[in-house]
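In what follows, residues are counted from 1 in the order of the sequence shown.
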Amino acid sequence: MRHWQYDSCELCPRHCGANRSKGSVGVCGVGATPMVARAALHFWEEPPISGEAGSGAIFFSGCSLRCVFCQNHQISQGAFGVEVTSARIAQMMLELEGQGALNINLVTPSHFAPHVKEAALLAREAGLSVPIVCNTSGYESVEAVRELSEVVDVWLTDFKYASPEHAASLSRAADYPEVAAAALREMLASLRRAGGRAEAEDGSMRRGIIVRHLVLPGHVDDSIAVLDRVWELCGNDVDLSVMNQYTPNDRCRELGGDLARAVSDEEYEAVLDHADELGFERMWWQQGGTVSESFVPAFDTTGVEGPELDAIKNS
């Protein structure tokens, strides 16, 4: 199926207008055919997402941000992955559910939103019963959120910056704070239309929003401003996840400065204390030992290649 949205692409807030259907590459770094780098159980998300059984993570190639500290740069900026069809993505979802996944975790999918939505609908029609999670940087257009909200049950979204200056220097997106706020408002509206937050008996999330914030070294003031903004927008209608797992990549080590080191205990505690002061009731945090590149999965095309859903149904 041809998806016209790629003809002059405005799926992300960059609105680059690339004709991805004709082979041009958008700001996201990829064309019109979905690329996936890994599809496997993932155990390192928040407890309501991974639980003990694991989340069925499908890692898409490409990204509309250019974060200097990105840990997934092999796929986000290197365009590593295998081209797949919507029918293959749908079959991946069913395979992951068959492996015991608590949910299907679509990691950075929105630049392929038309295919992803099509795949999710195919999988649901074929019997997929677990929730679908959209794992996003938060840099999303309201239109993409609305399109995906028809199939997404849980939003696992970043809110990286409150400062346009930090967003510009670290992710080449000065408009990130306002874009992320608008996207979060739309996610919250879609959640409310669906009936609000819901969880299973085992505590796994069936519907909801988890807002993630990665604390960066030397940026505590901005982290506090992010929490203020999230509280202002959502209050306790969302879960909050405050992360300390920042790990300097080679580029950050070469550049030096604060981003060449890990977050200190004092910095992290200051942000957690502020979250408590604001009144967040459902908050996730990380204890020692999380600063490690071992938390980055192996992008080795595990689980990507295989039969398509239609082929299974017709065999």
Side-chain angles (χ1 to χ4, degrees), residues 44-50 63 65 67-72 76 105 107-108 133-140 145 154-171 173-188 191 205 208-248 252 258-259 261-288 290-291 295-296:
W44 303 320
E45 310 286 31
E46 287 76 5
I49 304 297
S50 287
C63 183
L65 289 180
C67 302
V68 297
F69 51 83
C70 183
Q71 295 296 301
N72 294 353
S76 66
N105 186 353
V107 185
T108 319
V133 178
C134 183
N135 190 331
T136 164
S137 69
Y139 193 62
E140 302 286 3
V145 173
V154 177
W155 297 96
L156 183 56
T157 181
D158 291 348
F159 205 118
K160 295 179 182 293
Y161 316 105
S163 162
E165 291 75 22
H166 291 331
S169 64
L170 299 180
S171 295
D175 60 345
Y176 181 95
E178 293 309 314
V179 167
L184 182 55
R185 279 193 291 266
E186 185 61 30
M187 293 172 195
L188 185 56
L191 176 62
M205 188 174 281
I209 300 172
I210 299 178
V211 178
R212 283 175 162 174
H213 176 68
L214 176 66
V215 181
L216 297 176
H219 290 72
V220 168
D221 289 346
D222 194 59
S223 289
I224 287 173
V226 166
L227 298 192
D228 288 340
R229 191 72 190 275
V230 173
W231 180 258
E232 173 192 349
L233 289 167
C234 305
N236 275 312
D237 286 339
V238 300
D239 293 26
L240 178 69
S241 177
V242 182
M243 302 183 295
N244 71 345
Q245 67 188 51
Y246 172 80
T247 303
C252 290
D258 283 324
L259 292 184
R261 64 174 176 85
V263 174
S264 70
D265 291 343
E266 291 77 14
E267 289 173 316
Y268 189 51
E269 288 296 329
V271 179
L272 292 179
D273 287 347
H274 189 68
D276 281 334
E277 291 167 3
L278 287 170
F280 284 101
E281 294 175 355
R282 293 182 303 275
M283 183 170 68
W284 309 98
W285 64 91
Q286 296 175 312
Q287 297 180 343
T290 57
V291 180
F295 283 83
V296 180

*Determine, step by step, whether Q71 and T247 satisfy the side-chain contact (heavy atoms from CB on, under 4.5 Å) criterion, reporting the C-alpha distance in whole Å, the side-chain angles of both residues, the deciding distance to 0.1 Å, and the verdict.*
CA-CA 8 Å; Q71 295 296 301; T247 303; 4.0 Å; yes
_Pair D237-I209, side-chain contact (heavy atoms from CB on, under 4.5 Å): steps then yes or no_ = CA-CA 8 Å; D237 286 339; I209 300 172; over 6 Å; no
Considering only heavy atoms from C-beta outward, does the side chain of [X] approach that of [Y] to under 4.5 Å?
| X | Y | value |
| --- | --- | --- |
| N105 | V107 | yes |
| I210 | I49 | yes |
| V220 | H274 | no |
| R212 | L240 | no |
| T136 | T108 | no |
| L216 | V263 | no |
| E269 | E266 | no |

Give a yes or no on whether the backbone of [Y] and the side-chain of [X] come within a donor-acceptor separation of less than 3.5 Å.
| X | Y | answer |
| --- | --- | --- |
| H219 | P217 | yes |
| S50 | E45 | yes |
| Q286 | V242 | no |
| D222 | A162 | yes |
| N236 | G279 | yes |

*Can you list the residues that meet the side chain to side chain contact (heavy atoms under 4.5 Å, CB included) rule with H213, with sequence neighbours excluded?*
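Scan of H213 (side chain to side chain contact (heavy atoms under 4.5 Å, CB included), adjacent residues dropped) gives V215, S223, V226.
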*Just jot down the side chain to side chain contact (heavy atoms under 4.5 Å, CB included) partners of V145, sequence neighbours excluded, or say none.*
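V145 satisfies side chain to side chain contact (heavy atoms under 4.5 Å, CB included) with E140, W155, A183, E186, M187 once adjacent residues are dropped.
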From [X] [atom1] over to [Y] [atom2], what is the distance, rounded to the nearest 0.5 angstrom?
| X | Y | atom1 | atom2 | result |
| --- | --- | --- | --- | --- |
| Q287 | Y268 | CD | OH | 8.5 Å |
| S171 | L65 | OG | CG | 5.0 Å |
| D258 | C252 | CG | SG | 11.0 Å |

*Does the side chain of Y139 come under 3.5 Å of the side chain of D158 through a donor N or O and an acceptor N or O?*
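Note: Y139 and D158 side chains miss the donor-acceptor criterion.
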*Using distance alone, with no hydrogens and no angle criterion, decide if N244 and E267 have a side-chain donor and acceptor under 3.5 Å apart.*
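Judged by distance alone, the side chains do not pair up.
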State, to 0.1 Å, how close [X] and [Y] come at their nearest heavy-atom pair, and which atoms those are.
| X | Y | answer |
| --- | --- | --- |
| A275 | M283 | CB-SD, 3.2 Å |
| L184 | V211 | CD1-CG2, 3.9 Å |
| Y176 | G138 | OH-CA, 4.0 Å |
| S163 | P177 | C-CG, 3.9 Å |
| Y161 | C67 | OH-SG, 4.4 Å |
| V133 | L156 | CG1-CB, 3.8 Å |

*Do the charged groups of E46 and R282 touch, with an N to O distance under 4.0 Å?*
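Looking at E46 and R282, the cut-off is not met.
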*Under the side-chain contact (heavy atoms from CB on, under 4.5 Å) rule, what do F159 and L233 come out as? Steps first, then yes or no, please.*
CA-CA 12 Å; F159 205 118; L233 289 167; 4.2 Å; yes
